[in-house]
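Heads up: the structure comes next, in structure tokens.
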Amino acid sequence: MGKAVLVIDKGGRGNAIAYAFAKSPQVSRVYVTPGNAGSSILEKCHQLPLFAESVDEEIEAMKKYALENNIDLSFVGPEGYLSAGIVDVFLDADLDIVGPSQMATVLESSKCDTKDFLKKIGVPIPEHKNFDNPDEAKEYVKDFYSDNPNENLVVKADGLAAGKGSIPCDSKADTLSTVDELMILKKFGDAGIRVDLERRLYGEELMFFVFTDGKTVKALEGAQDYKRAFDDNDKVNPRSFDGKNPNTGGMGGYSPHPWLDEELTEKVMKQIALPTITRIQDYESTQFGKLNGVEYKGIIYFGLMICKEGDQKNPYVLEINVRMGDPEAQVILPRLKTDFYDISRAIVDGKLNEIHFEWDPTYQLCACAVSGRIGRYEGYPGKHHTNQEIHGLDEVDNNCLVFHNGTAFDEDGQIYTTGGRVLTVVGTGNNLEEARIHTYDNLKKIRFRGMRYRRDIGKIL
Ligand code: GLY
């Protein structure tokens, strides 16, 4: 009997992680919890719908399952379970698990403390200041705009806000009303009690992923992401989203990345990734105090702005996430040739230095099919309908993979939609254009009421 793995995630990233484990000849069973319909369709994989009233109860149920079913290794996708301490609970029960401890997740769960930490250890960040008093924050905004009339600020909620807590502003009035929305109207609840105000940088955004066992840090191949809901050249219906093209969790992407070269990778590793991981014990956390004895193990996803300064491309950290991106995982992991079970084991055992990462040179390009406008609901990322039957999944060909984000089976075995992002369709090709054609040819075969996707992923404009 081969190894049994538990993947903890309910979205498309979880499907991609399960797919990566299932490719390992050492692995015979992959359980995905809470999972979705797609988790049961992948070879060797099974959905384990361990839903409970609270995250803590879900974590207890997952631990119990892992203990009772001789799970060899668990792997956590989203930040919610990590911040709730799933890794500590599993380790206390002597269960092997990939992910950072609860204390180490402050890198994502406190934007304010993390910016102070990065500044202290010399990692490049935009000029910033933290506030827990809205009047003082607004005074700072006024002073900033009178000193810098041609610049702008970004307002960041300190806590977790489902990826929506970072708001780039375009004017003083915009910044002042954003401070009110977060700190007084509590748009993101307690996550906005404290805010980080940052000078807005302009350049090219880069998502940079590493795996680490706390000592060795290995960069993954990059992916280009597409955050806006609609095509760059589309006119957004003025009655939706205030006529703006809103940010989403991600509408598509492709790998390899078009301009992340070896030189920039080395620079990001040396200036950002290595110091962040090796100096985590210098972190002063409002919640936990000094992170003495803490080691960061797992994945880190750095959200960077690459600014052209003279003839240099310089990276600045905008945010840190303690997980892989969705849908970035769906295009990066299918290109990984190294055994994913070996990598995960090495992270747990502190032996990542023994692993050599090999990548398939082919292109993977994905577009997310989302729940779009139906009637008065404007669609993802706004209000959207679910419970729509999905058709055509059995018509897709071998040039693509379909990972599920928000789906479930009904009692007749029919798959229906359960979320805003529904499916990630990943086409493969020897070049970007071929991968693009495979993605879009297959997307045309899939149907559900209200289905919408961006048509410009990977399009060279
Ligand atoms: N795709 C962006 C994220 O996972 O946060």
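Order of listing sets the numbers, starting from 1, for every ligand and every atom in it. Given the structure is predicted, the values throughout are model-derived calculations rather than measurements. Atoms considered below: every heavy atom in the structure, side chains included; atoms not considered: hydrogens, waters and symmetry mates.
Taking only nitrogen or oxygen atoms, main chain and side chain alike, Gly249 reaches within less than 3.5 Å of ligand 1. Ligand 1 has no nitrogen or oxygen under 3.5 angstrom from a nitrogen or oxygen of Lys227. Taking distance alone, with nitrogen or oxygen atoms compared against 3.5 Å, Asp326 approaches ligand 1 more closely than that limit.
Crowding of Lys115 atom NZ: a count of heavy atoms from other residues, nucleotides or ligands under 6.0 Å exceeding 12. A 6.0 Å sphere centred on NZ of Lys164 holds no more than 12 heavy atoms belonging to other residues, nucleotides or ligands.
Using cut-offs of 30° and 60° for the angle between ring planes, the Tyr341 and Phe21 rings count as perpendicular. Ring geometry, Tyr19 versus Phe403: the interplanar angle exceeds 60°, so the pair is classed perpendicular (tilted spans 30 to 60°). Relative ring orientation between Tyr301 and Phe209 is described as tilted, the plane-to-plane angle lying within the 30° to 60° band.
Taking a 4.0 Å cut-off on heavy atoms, Arg323 registers as neighbouring ligand 1. Taking 4.0 Å as the cut-off, Asp225 does not count as a neighbour of ligand 1 on heavy-atom distance.
We find that Lys156 and Glu198 are joined by a salt bridge, their nearest charged nitrogen and carboxylate oxygen being less than 4.0 Å apart.
Of all the heavy atoms of Arg13, none lies under 4.0 Å from any atom of ligand 1, so neither backbone nor side chain is involved.
Interface of Tyr301 with ligand 1, defined as ligand atoms under 4.0 Å from a residue heavy atom, comprises 2 (C), 3 (C), 4 (O), 5 (O). Atoms of ligand 1 found under 4.0 Å from any heavy atom of Gly325, numbered from 1 in the order shown, are 4 (O).
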